[in-house]
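The next block holds one structure in the form of structure tokens; read it before the comments.
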Amino acid sequence: MEFLSTELFFGLTVREIGIGLLILWVLWGPVSKLFKKNTGRVLKKKKCRGCTWVGPASDETKRCPKCRGPLITAE
Ligand SMILES: [Zn+2]
């Protein structure tokens, strides 16, 4: 296993580069999940002003699915 301690570049050995890649690969999982969460649509509890409809809706949803009335964010 002598090639593992052979310096490739910048004084880094094959083993050190391998460990570095492994750490990057392990870290990439939670990081990419975090990005997906941020870009994903966030649902908020909203209610209709025209009728009694209450339910989860994204910010893009501006109209009530029941009566097409304006939605307001319910707190
Ligand atoms: Zn409605």
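Atoms within each ligand, like the ligands themselves, are counted from 1 in listed order.
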Subject >> side-chain contact (heavy atoms from CB on, under 4.5 Å) against I23, all qualifying residues, sequence neighbours excluded >> reply: I19, L27
**OP:** With sequence neighbours left out, write down each residue that passes side-chain contact (heavy atoms from CB on, under 4.5 Å) with W25, or none if nothing qualifies.
**Re:** none
**OP:** Taking all heavy atoms of L71 and all of T61, pick out the closest pair and write down the distance.
**Re:** CD1-O, 3.8 Å
Subject >> Environment of the Zn ion (ligand 1) in terms of protein N/O/S atoms, cut-off under 2.8 Å >> reply: C48 SG, C51 SG, C64 SG, C67 SG
Subject >> Nearest heavy atoms of C67 and C48, plus distance in Å >> reply: SG-SG, 3.5 Å
**OP:** Can you run down the salt bridge (Lys or Arg N to Asp or Glu O under 4.0 Å) pairs that involve residues 44-55, sequence neighbours left out, and say none if there aren't any?
**Re:** K44-D59, K46-D59
**OP:** For residues R63 and R68, report the shortest heavy-atom separation together with the two atoms involved.
**Re:** CD-O, 3.1 Å
